[in-house]
Amino acid sequence: MNGSQTTSTAGGGASATAIAHPNIALVKYWGKRDERLILPVAGSMSMTLDSAATTTTVRLGGAADAFYLNGKRVDGKAAQRVSVFLELIRERAGSCECATVVSNNRAPTGAGLASSAAGFAALAVAGAAAYGLQLSREQLSALARRGSGSACRSVIDRFAVWHTGADDTSSYATQLSAPEMRMVVCQVNSAEKAVSSREAMLLTRDTSPFWGAWAGHTERVLSRMITACEADDFTALGEIAEAHALQLHALIMSAEPAIRYLEPVSFAIFDVIKQLRESGIECYATADAGPNVVVITRPRDTVVVSAKLAEFGAVHTAAPGRGAYLSDNHLTVPECHA
Ligand code: PMV
């Protein structure tokens, strides 16, 4: 699949552009059994959104890697993470060419709305194409995983299961079909979170008294979720997703010192969703590593749910979207840095 949209310009190296979207987990990933390879302790499942796209262009050339995000040059930790990831692609491609990465991201960065998942899915697909690697969807998913675990699911169309796998090549996501649904995203706070999910996972593993139960429980939840999807059972999907989200946050809060991503307003939304449910509108709430809440609903109920959530923050509705794909619309280095 790669290669067709790779261009080579006079005076510049090969370049490729990819577009990817965030994914929101319905069965959460939390914890790694291998920090370097980013192998998870349990499987997980998510919906890839059709909104908040990240577009990333990788252009080969230059004396060093450079990273531009939303019009600004980025240095430090974030740029290093991009470079380490490019190094992985270079090793596989047998290349030592540096690259300039230009990325535009429509979701707030680091606010628990899966911006890093969309970012690394786009970088994996664009980077592999720019360096001339011919990879299957599974291989692209496994590659994206090395940037940020949950990114392996944003490579997949619509709904994805991330299989724990045994090693670097067998831990990737594949597609599954799920009941027709929408996600209503309620952004109550777009500030970057104080504790990254990477650090929080480590602290949970090292200090939570409940850690020992987590992986086995999540595997059982995933298998119930897959059964619900196979049966096209929206109610079971919603109930399983909401319960697992709250279990994740209870686990995170049980770390020492405690980490709390959910804010009072997040809990208020969970309460309102329960009330809506009791009034006959079937909807369920979930939240990743941040205070923002995502509501799972049937397509016909999105208007009512959105109106209710608008009291709490900025709201948008997402349908199941496309996994990361190549595009011809290449980004250029922002003017002020060119
Ligand atoms: O992929 P990371 O390291 O950003 O971790 C994501 C963790 C959660 O969003 C909380 C859960 C998930 O499955 O996406």
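Small disclaimer: the values here were computed from a predicted structure and weren't measured. Note that ligands are numbered from 1 as they come in the structure, with each ligand's atoms numbered from 1 the same way. Numbering of residues begins at 1 and proceeds along the displayed sequence.
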Partner set under ring-ring contact (aromatic ring centres under 6.0 Å, His included) for Tyr29, not counting sequence neighbours: Trp162

Donor-acceptor side-chain pairing of Ser103 and Asn105 below 3.5 angstrom: no

Heavy-atom side-chain contact between Ser170 and His163 under 4.5 Å: no

Between Trp30 and His217, ring centroids under 6.0 Å: no

Interatomic distance, Gln175 atom CD to Arg137 atom CZ [nearest 0.5 angstrom]: 10.0 Å

Pair His330, Thr17: side-chain N/O donor-acceptor within cut-off below 3.5 Å: yes

Sorted by chain and number, the residues that approach ligand 1 to under 4.0 Å with a heavy atom: Ala25, Lys28, Tyr29, Trp30, Ser116, Ser148, Gly149, Ser150, Arg153, Ser197, Met201, Asp288, Ala289

